[in-house]
Amino acid sequence: MNAAAEELKRRLGGLAPSVALVLGSGLGELAGEVEDAVRIAYGDLPGFPPSTVSGHAGAVVAGRLAGKPVLMLAGRSHYYEHGDAAAMRPALEALAALGIDRLILTNAAGSLDPDMPPGSVMLVIDHINFSGTNPLIGEATDRRFVGMSEAYDLRMRAAFLKAAQETGTALHQGVYMWLSGPSFETPAEIRMARIMGADAVGMSTVPEVILARFLGLRVAACSIITNLGAGMSEDELSHQGTKDMAPIGGARLATILRKLFASEALA
Ligand code: HPA
């Protein structure tokens, strides 16, 4: 077991979560709902990333959500912070060593569909890696050739749809395209993304999904829509706009997640 996994195990005591949740913009407050919470700063966990993005904390928060053991990663590392697509690898390896077998990722994203406006939530059913890089570049074993034809777990997706339906919360489904950022897209890039089959664009999640599949974890991901893509509205895009809008979709996604954890689907 690596050093971070050992430290996590020691600090978690008897708690043995099998599900981890990565909190993107708009969901940070969910960490405050964790019962019997143990909070561990990334700085205390060897290999965990420092976060340089405002609106992103850097801590593991473990405990119970709706009675079920859970481990939350409040804060992630983005490729655009340093150019290292594998920055989350040590953290995800530690989770896998700890016994986590399912990973739920959340993010803020721009919508390419006028019928999926800001405030919507989109369950990711597939992705397009448009960054030109991959977190497994440099992995020297044949394990690097990870199959991605069903990256987003069907059973977890069904559980999300059921939880959304049971709470009367609208949940879109679509394809997420990863572009490196940190600049937002141009209107021409947004038109390209639509033609290529994407429904939303964002700057995270895809490298974590690839790493998680490499590590054998089952994966689900949800996007909180904070804006229409560049050129689709009058608004100039900004990080402040993302942070201002994220709590709206974030509240919807939190409703779905509470129900998901209360259900037997994640047992
Ligand atoms: N583009 C990329 N990433 C984003 C956006 C966007 O429009 N909105 C929130 N994250």
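- For L211 against A86, the heavy-atom pair with the smallest separation is CD1-CA, 4.3 Å.
- When every heavy atom of L65 is checked against every heavy atom of L30, the shortest pair comes out as CD2-CD2, 4.4 Å.
- Taking every heavy atom of both residues into account, A265 and A159 meet most closely at CB-CB, 3.5 Å.
- Applying the salt bridge (charged side-chain N to carboxylate O under 4.0 Å, His left out) rule to R258 yields the partners E33; only residues at least two apart in sequence or on another chain are considered.
- Formation of a donor-acceptor pair under 3.5 Å by the S233 side chain with backbone atoms of G229 is not found in this model.
- Neither L112 nor V206 shares a network with the other; the hydrophobic side chains, linked directly or stepwise wherever heavy atoms of I, L, V, M, F, W or Y lie under 4.5 Å apart, form separate groups for each.
- Contact check for D101 versus S18: side-chain heavy atoms found under the 4.5 Å cut-off.
- Under a 4.0 Å N-O distance rule, the pair R10/E6 does not qualify as a salt bridge.
- Pairs of residues two or more places apart, or lying in two chains, that qualify as salt bridge (Lys or Arg N to Asp or Glu O under 4.0 Å) and include a residue from residues 128-144 are R89-E139.
- A donor-acceptor contact under 3.5 angstrom links the side chains of T167 and T169, judged on distance only.
- The stretch residues 91-141 participates, sequence neighbours left out, in these ring-ring contact (aromatic ring centres under 6.0 Å, His included) pairs: H127-Y152.
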Report task. Would you check, one step at a time, whether the test side chain to side chain contact (heavy atoms under 4.5 Å, CB included) holds for I40 with L8? Result -> CA-CA 8 Å; I40 309 159; L8 277 170; 3.7 Å; yes
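- Residue L123 comes nearest to A221 through the heavy atom pair CD1-O, 3.6 Å, listed as atom of the first residue, atom of the second, then distance.
- In this structure, N227 and D235 have side chains that are not in contact, with every pair of non-hydrogen atoms separated by 4.5 Å or more.
- Within the 3.5 Å criterion, the main-chain N or O of V175 finds a donor-acceptor partner in the side chain of D199.
- Counting heavy atoms from C-beta outward, V209 and Y176 have side chains that stay 4.5 Å or more apart.
- Closest heavy-atom contact between R11 and V38: O-CG1, 3.7 Å.
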Query raised in the report: Please walk me through it: do H78 and R76 pass side chain to side chain contact (heavy atoms under 4.5 Å, CB included)?
Result: CA-CA 6 Å; H78 304 79; R76 57 149 60 90; 3.6 Å; yes
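- I224 is connected to L161 through a chain of hydrophobic side-chain contacts under 4.5 Å among Ile, Leu, Val, Met, Phe, Trp and Tyr, so both are in one cluster.
- Atom CH2 of W178 is separated from atom OG1 of T133 by 6.0 Å, given to the nearest 0.5 angstrom.
- Shown here is R213, whose CZ atom has more than 12 heavy atoms of other residues, nucleotides or ligands within 6.0 Å.
- The closest side-chain heavy-atom distance from L27 to L253 is below 4.5 Å.
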Query - Derivation and outcome, side chain to side chain contact (heavy atoms under 4.5 Å, CB included), residues N2 and E93 - result: CA-CA 8 Å; N2 70 29; E93 280 174 342; 4.2 Å; yes
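- No side-chain heavy atom of K243 sits under 4.5 Å from any side-chain heavy atom of S25.
- Residues V146 and V219 are members of one and the same hydrophobic cluster, defined by side-chain heavy-atom contacts under 4.5 angstrom among Ile, Leu, Val, Met, Phe, Trp and Tyr.
- Among L260, D153, V121, V124, the single residue meeting the side chain to side chain contact (heavy atoms under 4.5 Å, CB included) criterion with F160 is L260.
- By the side-chain hydrogen bond (donor to acceptor under 3.5 Å, both in side chains) test, H172 is found to be paired with no residue, residues two or more places apart in sequence or in another chain being considered.
- Within the 3.5 Å criterion, the main-chain N or O of A163 finds no donor-acceptor partner in the side chain of E166.
- The CG atom of L179 lies 8.0 Å from the OG atom of S131; values are rounded to the nearest 0.5 Å.
- Atom CD of E29 has 12 or fewer heavy atoms from other residues, nucleotides or ligands within 6.0 Å.
- Counting only heavy atoms from C-beta outward, the side chains of L105 and S204 never approach each other to under 4.5 Å.
- No hydrogens or angles considered: nothing links the side chains of S111 and D113 as a donor-acceptor pair under 3.5 Å.
- Counting all heavy atoms, side chain and backbone alike, N107 lies closest to S223 at OD1-OG, 2.7 Å.
- The 12-atom threshold is not exceeded at CD of E236, counting heavy atoms of other residues, nucleotides or ligands nearer than 6.0 Å.
- Hydrophobic side-chain contacts under 4.5 Å tie I248 into a cluster, directly or through other members, with M245.
- Summarising the geometry, atom CD1 belonging to I210 is positioned 5.0 Å from atom CG belonging to N129; distances are rounded to the nearest 0.5 Å.
- To the nearest 0.5 Å, atoms OG1 (T106) and CG (L23) are separated by 5.5 Å.
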Requested in this report: List the steps, then state whether side chain to side chain contact (heavy atoms under 4.5 Å, CB included) holds for S263 with K162.
Outcome: CA-CA 10 Å; S263 75; K162 187 159 177 280; 5.5 Å; no
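- Enclosure of atom CZ in R39 is not indicated, since only 12 or fewer non-hydrogen atoms of other residues, nucleotides or ligands lie within 6.0 angstrom.
- Linking Ile, Leu, Val, Met, Phe, Trp and Tyr residues whenever their side-chain heavy atoms come within less than 4.5 Å leaves L228 and M122 in two separate clusters.
- Looking at heavy atoms from C-beta onward, P207 lies out of side-chain contact with M88 at the 4.5 angstrom threshold.
- The structure places CD1 of I225 at 4.0 Å from CE of M116, a figure rounded to the nearest 0.5 Å.
- The distance from the CG atom of L237 to the OG atom of S183 is 11.0 Å, given to the nearest 0.5 Å.
- With hydrogens and angles disregarded, a donor-acceptor distance shorter than 3.5 Å links the side chain of R252 to the backbone of G119.
- Hydrophobic cluster membership differs between I128 and L136, with clusters built from Ile, Leu, Val, Met, Phe, Trp and Tyr side chains linked at under 4.5 angstrom.
- Evaluation of the salt bridge (Lys or Arg N to Asp or Glu O under 4.0 Å) test over residues 173-198, restricted to residues two or more places apart or in two chains, returns none.
- Looking at L215 and L103, their side chains never come closer than 4.5 Å, going by heavy atoms from C-beta outward.
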